[in-house]
Amino acid sequence: MIYDYMPVSTVDYPGKIATTVFISGCNFRCPYCHNSSIIVPKPARYSPEDILRYLARRKNLIDGVCITGGEPTLWKGLKSLMAQIKSSGFSVKLDTNGSRPDVLEDIIAKGLVDYIAMDVKAPLEGYRTFLTRVSDVEKVCISVDMIKAAGIDYEFRTTVHPKLLSIDDIKKIGSWLKGAKKYVLQGYRYSPDILDPEFCGREFCERAYLDKAKEAVDEYFEQVIIRE
Ligand code: SF4
C-alpha cells in the first residue's frame, strides 16, 4: 500500500531527479530502520493513480521513480504500479531487502525495473538479528545471484557501525558478493525514529571506520562507494 511519496529527491536514485514512493509493510526488523513507522502495513494514503497524476504534471522535472519501503516486494500492487510508471516514460528504481526473489525474477523478466538497490544486512551467519523468519536467508542468497546476473544497473548496500558489523564481518560480505559491480557502505545515522535506538546508540559511524571497511572490500568489487 502506498503510504507516502516524496515529490522530488536528488539522493534516492543515482544520477536522476526522482520521486520516491514509500510502500508500507516489512518482513524484517532491522534495529537501525529509519522507516520504522511503516514496518507494520498501514492503510493506503495514496492510490497508484495519485502518483501517476503527479508524475504526469512534473514530467519535465522528474527522470525516475524510486520505490522503497518497508519492503515493496510484499505489496500485491507493485508490478502494476511499476508497469504504469514505465509506460509513462519514467525510469524505475526498486529498493529491496532481497527476501522475495520470485517477485524480483518476474519484475526483471518483464523489464519493469531499471535499477535495483538491495540491502545486504550482514554476512549470512549474522542475518538473524534482522529477520522475523530465518528461512528468508536462503531467499536473500537467491536474490543476490539473480541481481548480479540480471544485466541491469544495481547496487548492494550495507549499513555500517562497529556495534553492528566488525571489519571481518564486512570482509565476509565482500567475499560473498564478490564480482558485483557496485557496493555501497552507508554510515549508520541515529535518528529518534529508528526502530531500536539503543542497539547502536546515538553516535554516527565515524568516517575512519567506513574507510577501513572500504579498504577491506575494495578487492571484491568494481566500485565501492561510501555514503555518509
Ligand atoms: S528491511 Fe528496510 S524497511 Fe525493513 S526493517 Fe530493515 S531497514 Fe526497515
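Counting begins at 1 with the first residue of the sequence. Just so you know, ligand 1 is whichever comes first in the structure, and atom 1 is the first atom listed for that ligand. Fair warning: this is a prediction, and the values are worked out from it, not measured in the lab.
Contact of the Leu112 side chain with the Lys79 side chain is registered, since non-hydrogen atoms from C-beta on lie closer than 4.5 Å. A 4.5 Å side-chain heavy-atom check between Ile173 and Tyr183 finds at least one atom pair inside the cut-off. You'll find the side chain of Lys93 reaches within 4.5 Å of the side chain of Pro14, heavy atoms only.
Inside a sphere of radius 2.8 Å centred on atom 8 (Fe) of ligand 1, the protein N/O/S atoms present are Cys33 SG.
Partner Ile225 forms a side-chain contact (heavy atoms from CB on, under 4.5 Å) with one of Lys182, Arg157, Gln186, Lys214 and no other, that one being Lys182.
Between the Asp169 side chain and the Ser166 main chain, a donor and an acceptor come within less than 3.5 Å of each other.
Grouped by direct or indirect side-chain proximity (heavy atoms under 4.5 Å, Ile/Leu/Val/Met/Phe/Trp/Tyr only), Phe22 sits with Tyr3, Met6, Ile38.
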